[in-house]
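Shown below is the structure under consideration.
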Amino acid sequence: MAPNPSIVKAVEQLGYRVTGGDVAAQAGLEVNLARQQLLALASEAGGHLQVSESGEIAFLFPENFRAVLRNRYWRLRVQEWWQKVWRILFYLIRISFGILLLVSIAIIFIAIAAILIFVNSSGDSDDSGGGGESGGGGFMFVPYFWFGPDLFWFFHWDDGDYYRQRQRTDESPKDKMNFFEAVFSFLFGDGKPNPDLEERRWRTIATVIRNNQGAVIAEQIAPYLDDLGNAYSREFEDYMLPVLTRFDGRPEVSPEGQLVYHFPELQTSATPYRTQPVPAYLKENPWRFSSAGSNQILLAAGLGAVNIVGALMLGSLLGDGAIAAQIGGFVAFVEVIYPLLFAYGASFLIVPLIRYFWIQWRNGKLEGRNQRRQQQAIAINQADESLKQKLDYAHQFAAKTVIAGDDLAYTTETDLLEQETANPDRIDAEWQKRMNESNG
């Protein structure tokens, strides 16, 4: 079974020497799951276990352990290859909608022009039979459309110097997309605004616990949770159960009957831990209609309007199909695919319209969740005497343990006999301890 990518990434970010608590906090995973997968990863990637005198375990990995895993598991090689291929395929999918829009407009107006030319030429033939009267030649106006500054702008792939010169300095990187990407963004948006929300939630909660040296009260965690339930749930702090389960926590009851929460696994680290900044509450980013620039959105919408108007004009010219049968060729082909052209043109405007109202509804609910979390953050900052008592009691369980290299009782890096030979004092202490226990 291939290793969990989150575990592998966390080990690399933490400097290749970690504990189960370190990885659980970094990746937002369950402590027990992180510990089990670290054991499996150490076995597969040539990692080592380091056990401190107090029995705490740290995992040490070689810096090239990802290459070791890649050589061992063909699935990892295939996944890395597929990620590269998918980036290209997804880009082609994104730009295909803009290409289809331009192709649809071109087909529609070429067909309209062909029908008008045929009608005018038929009129000229009829008028030519009239004795000395001059033939009234027909005239057709075909509008000229300019879709952008140049073709390079349409097909722009990366942020080259040419493209950067055309961008305003206050635009974000997401706004720097080409026309075809902007069409896809106009139609379908740019994906979820909070794709890593759960990972961010649990990583932040773990950081709050570690910043408080492994002992917290429920009010410190509430700003990062969603629904706190009813008054009964808030009073008895049932919402803390998932946090206790994930990080192997223990509830403690103060003499006044108040609950605090102790997380021994998050008190142990392989390296010295420094307090990290965390947001006051978990804030969800709102859904955006599109990350494209306003001019790009207007251009996409305008071309969509041109497309559907052209489709309606073409439909009226085709009528019952008699003229397509007379002309044949390209016009006959367009008549066959006309339902697809009209459906694409209509959906090009209907889909964004529906999505706009759906985003408004989603953002309303999202804003409500953000406000509730913000209120919880304000409440903890305005702590009354009762909350201060809980915080003081929680501080009694606060502790930090660092598994230092000179505090190891055993490591798999070297042979056990070598370790015992290098530490004769520890052997004597262990022997004396066992003798005392047997005499006792």
Side-chain angles (χ1 to χ4, degrees), residues 89-130 134-151 153-155 178-189 290 292 296-358:
L89 290 177
F90 186 61
Y91 179 80
L92 295 176
I93 292 172
R94 286 163 61 195
I95 67 174
S96 67
F97 288 89
I99 294 174
L100 285 175
L101 174 64
L102 297 182
V103 170
S104 175
I105 291 175
I107 291 175
I108 287 172
F109 282 95
I110 290 174
I112 291 175
I115 294 172
L116 292 179
I117 290 173
F118 175 79
V119 171
N120 289 339
S121 63
S122 299
D124 290 343
S125 299
D126 294 339
D127 292 341
S128 63
S134 61
F139 177 80
M140 179 188 66
F141 172 73
V142 179
Y144 177 72
F145 292 96
W146 180 250
F147 297 125
D150 50 47
L151 291 178
W153 180 68
F154 277 138
F155 289 98
N178 61 48
F179 166 76
F180 295 110
E181 292 175 313
V183 169
F184 183 87
S185 178
F186 171 75
L187 282 171
F188 305 109
S290 173
Q296 292 175 322
I297 293 176
L298 289 175
L299 179 59
L303 290 177
V306 169
N307 188 43
I308 189 63
V309 169
L312 293 172
M313 292 172 56
L314 178 61
S316 65
L317 291 174
L318 289 173
D320 58 0
I323 193 167
Q326 294 177 23
I327 300 175
F330 176 74
V331 175
F333 168 74
V334 172
E335 184 193 20
V336 174
I337 66 171
Y338 176 77
L340 294 178
L341 294 174
F342 181 81
Y344 182 78
S347 61
F348 193 90
L349 297 178
I350 293 174
V351 169
L353 183 63
I354 294 175
R355 196 167 59 82
Y356 173 80
F357 290 106
W358 178 78

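No experiment lies behind these values; they were computed from the predicted model shown. Basis for what follows: all heavy atoms, side chains included, without hydrogens, waters or symmetry-related copies.
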Pair F184 and F188, ring centroids less than 6.0 Å apart: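 For F184 and F188, the ring centres are under 6.0 Å apart.
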Sub-4.5 Å side-chain heavy-atom contact between I95 and F179: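 Answer no - side chains too far apart.
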CG on L92 to CZ on F90, rounded to 0.5 Å: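 These two atoms lie 11.0 Å from each other.
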Atom pair CG (L303) and CG (L298), whose distance is rounded to the nearest 0.5 Å: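 Rounded to the nearest 0.5 Å, the CG-CG separation comes out at 11.0 Å.
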Nearest atoms (heavy-atom pairs only) where A111 meets L314: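 Closest pair (atom of A111, atom of L314, distance): CB-CD1, 3.9 Å.
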Point-to-point distance, once rounded to the nearest 0.5 Å, from OH of Y344 to CG of L101: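 Answer for the OH-CG pair, Y344 versus L101, is 5.0 Å.
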Candidate pair I110 and V334, rule side-chain contact (heavy atoms from CB on, under 4.5 Å), full reasoning: CA-CA 10 Å; I110 290 174; V334 172; over 6 Å; no
Side-chain heavy-atom pair L299, Q296 within 4.5 angstrom cut-off: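 The answer is no, as the side chains (C-beta and beyond) never meet within the 4.5 Å cut-off.
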Nearest-0.5 Å distance, CD1 of residue I337 to CD1 of residue I108: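 Between I337 CD1 and I108 CD1, I get 9.0 Å after rounding to 0.5 Å.
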Student check: side-chain heavy atoms of I115 and I327 closer than 4.5 Å: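 I115 vs I327: side chains touch.
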Which atom of A311 lies closest to which atom of F342, heavy atoms considered: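 Heavy-atom minimum between the residues: CB-CD1, 4.2 Å.
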Minimal non-hydrogen separation, A114 against V331, with atom names: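 Minimum heavy-atom separation between A114 and V331: CB-CG2, 3.9 Å.
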CZ (F330) with more than 12 external heavy atoms under 6.0 Å: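 Enclosed: over 12 neighbouring heavy atoms sit under 6.0 Å from CZ of F330.
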Side-chain donor or acceptor of S185 paired with backbone N/O of A182 under 3.5 Å: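 A pair under 3.5 Å: no.
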Nearest heavy atoms of E335 and L318, plus distance in Å: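 Closest approach of E335 to L318: CA-CD1, 4.1 Å.
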Inter-residue atom distance I117.CD1 - I112.CD1, 0.5 Å rounding: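 So the gap between those two atoms works out to 12.0 Å.
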Pairs flagged by side-chain hydrogen bond (donor to acceptor under 3.5 Å, both in side chains) wherever residues 99-115 is involved - sequence neighbours left out: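 Counting only pairs at least two positions apart or across chains, the side-chain hydrogen bond (donor to acceptor under 3.5 Å, both in side chains) contacts touching residues 99-115 are S104-N307.
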Aromatic ring proximity F186/F348, centre distance under 6.0 Å: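 Distance test on ring centres: under 6.0 Å, yes.
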Reported CD1-to-CZ distance for the pair I107 and F333, which is rounded to 0.5 angstrom: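 Output value for this atom pair is 6.0 Å.
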